[in-house]
Amino acid sequence: MNGALRTWGSVVRLGVLHHFAWRLDVVIALLSATMVLVLNGSVWEAVADGQSRLGTLTPVELSTYVVIAWCASRVTATRVDENLGQRHASGQLATDLLKPLDLPSYLLARDVGRAAVAAVVTALPLLALGAWWFPLAWPRQPVTWALVAGSVALGVAVGGQIGLLVGMASFRLRRVTGLVSLKEVATALLSGALVPVTLMPDAAAHAVMVLPFAALAHVPAWLFLERATGAEALGLLVAQAAWAAILAVVVRLSWWRALRHLTVEGG
Amino acid sequence: MRDPVAWTRGLHRTFAVTERRAGLSGALVDLIAPRRRTHAAVVDLDLDVFAGEIVGLLGPNGAGKSTTVKCLTGLLQPTAGEVRVLGLDPWARRTEVVRRVGVMFGQRSQLWWDLAVREAYDLLAAIHRVPRATYRERLDALATTLELTPLLAKPVRELSLGQRARCELAASLLHDPALLVLDEPTIGLDVGVKRRLRTLVRERARQGTAVLLTTHDLADVDHLCDRVVLVDKARVVFEGTVPELRTQLGGQRRVRVRTADRPGDDELAALTRRVRSPVRIDGDGVVEVVVPAGRPVAHVLREVLSVVFAEDVSVVEPTLEGLLADWYERAAEGTA
Ligand SMILES: Nc1ncnc2c1ncn2[C@@H]1O[C@H](COP(=O)(O)OP(=O)(O)O)[C@@H](O)[C@H]1O
Ligand SMILES: [Mg+2]
């Protein structure tokens, strides 16, 4: 058990170190995320201008949703798809498989390290900036912060598994970038990161709530607004956890299948 | 006799390959109806690697060496046949098997590009669950033998090829594997680094590690291998010791004698009869006689000197390099 803790702790740490190895990347990611936040926030502010409510949200709630959903999405936006696809294309997968580790778990653990870095160096500064630029509705109950944090953590699990599936799907392609951008568009549109889910037409909003993408941005924002509290809040977390579990099973099955067809080229 | 650490029986591995048609119209046809066939990379391969033994897997490019290595390390599922490493099926139980196996690919890194060498080793030790104290001892020993100390703080991406090779070999030994697999480990390295790697591999084998080595560097084979397996076009064509391989490849020594006055045709014909072996003479009057297998050099030399007046004498040993090059060439022409 102690050994397992050391192993997985070291892999998470690798994710952190790897992210910090390229400091300039971190800075650029923060800059571009800031631009999106300010632009998107301003657009929604203009849309809500003079209105008492947009859908069920007051203008202040709307800005809050937009800021929180975007911050959460920066943490849940995984890189495992790209990582796995590149490893496959370059043949690096061979040396990965020669380590006594379960590769999907290894990549997820690394992604947890990445998410931790993103939370501290991207999401928190973005939140501070968002709070300074836009009027925000802060949670009234301290427990809300814990619910939001738990929800983002579950979002990381869901996002990571989606990433693994995208990465595996890319094994048949020469480059992973096409699939990754497809996933990014789907995530941006369906997770609430850019467009609040509650402002979508009813049918679309219902559909989105059934898909796993809402776990990546909408749920944390919704909890932050205390629109779901108590049992309802727990229900949302359970739904996220259920998605994480379902995706984990799909990942497992796909991985076994992929291993069978993998030919580990080169050498 | 003890069981081999790693063995294969009747190992087969085929790949499905897509053949491309030529030209633009061919590419279009390929899009709709790709032409597939199966390609056998390894056919009916029997291999044993015992503890303390260094086995060389030789053969021209594309012979199936890496495919064999991948089947042994659980990266590829054999199409047919049996593979066991430490009694386990590497494909079915890869994680367990790779805990006891160290692998070094000369063309690929098992370290992490962005991490410092020491960080990478710490992580490998954690992944392999090597107790901390044991790990420190091993790293100290390896760092001394391979002179790694000045490299430990450097990021892997900044290492030169030779430095990286030393770091990679140490990495594959941190968990004290029972089987060490080296796939072209000395590719592109200078002689100094090669020598250092060889010394360590020898040392490891003496301590009981089973070693499987694929290489195109025949000095590696000469210095290291207790036994070699030569594969060609997916099949084993020879198995035995290095001296046996020389004999098998027709590696005969030659006596070269520079003559003061060029012998005439009659004299050469007489010499050929006496030594019962091919005799050649080049434009500079150097006579070259093949020493038939089993005949002492001195014997042949005496015969030659009784016929010609020698100014200078030398005995040419065939190099494994030259022999294999000849053999590969003949194999490619389909006459071997
Ligand atoms: N993933 C793969 N897909 C198709 N063919 C392959 C694959 N890997 C190897 N081969 C083919 O199998 C043969 C043996 O390859 P390999 O074992 O890499 O040879 P080598 O002896 O040079 O290491 C070659 O003809 C190679 O083209
Ligand atoms: Mg090879």
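So that the names make sense, note that chain A is the first sequence line, chain B the second, and so on, each numbered from 1.
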Would you check if [X] and [Y] make a side-chain contact, meaning some heavy-atom pair closer than 4.5 Å?
X: A:Leu179; Y: A:Asp81; value: no
X: A:Pro100; Y: B:Thr95; value: yes
X: B:Thr14; Y: B:His39; value: no
X: B:Leu72; Y: B:Leu47; value: yes

For chain B, the option from A:Leu93, A:Leu97, A:Val11, A:Leu101 that forms the most heavy-atom pairs under 4.5 Å: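 Max contact count across the listed options: A:Leu97.
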
Report the distance from atom CZ of A:Arg74 to atom CG of A:Leu37, rounding to the nearest 0.5 Å.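 Atom-to-atom, A:Arg74:CZ and A:Leu37:CG are 10.5 Å apart.
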
Using a strict threshold of under 4.0 Å (side-chain N to carboxylate O), is an ion pair present between B:Arg204 and B:Asp176?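 Salt bridge present between B:Asp176 and B:Arg204.
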
Tell me, for [X] versus chain A, whether the close heavy atoms (under 4.5 Å) come from the side chain, the backbone, both or neither.
X: B:Ala125; result: both
X: B:Ser109; result: backbone
X: B:Glu119; result: side chain
X: B:Gln110; result: both
X: B:Leu76; result: side chain
X: B:Arg157; result: side chain
X: B:Trp113; result: neither
X: B:Leu124; result: side chain

Is the number of heavy atoms from other residues, nucleotides or ligands under 6.0 Å of B:Arg132 CZ greater than 12?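 Open.
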
Neighbour count above 12 (heavy atom, 6.0 Å) for B:Arg37 CZ: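 Buried by this count: over 12 neighbours within 6.0 Å.
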
For the pair B:His175 and B:His128, name the ring-plane relationship: parallel under 30°, tilted 30 to 60°, perpendicular over 60°.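 Judged by the thresholds at 30° and 60°, the geometry between B:His175 and B:His128 is parallel.
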
Among B:Asp122, B:Val97, B:Val130, which has the most heavy-atom pairs under 4.5 Å with chain A?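 Most pairs with chain A among the choices: B:Val130.
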
Name the option with the most non-hydrogen atom pairs under 4.5 Å to chain A; the candidates are B:Leu111, B:Thr214, B:Leu75.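 Highest number of pairs under 4.5 Å: B:Leu75.
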
Of the backbone (N, CA, C, O) and the side chain (C-beta and beyond), which part of A:Leu262 lies under 4.5 Å from a heavy atom of chain B, both, or neither?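 For A:Leu262, the contact with chain B is made by the backbone alone.
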
Proximal component of A:Arg13, with respect to chain B [non-hydrogen, under 4.5 Å]: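 The side chain, not the backbone.
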
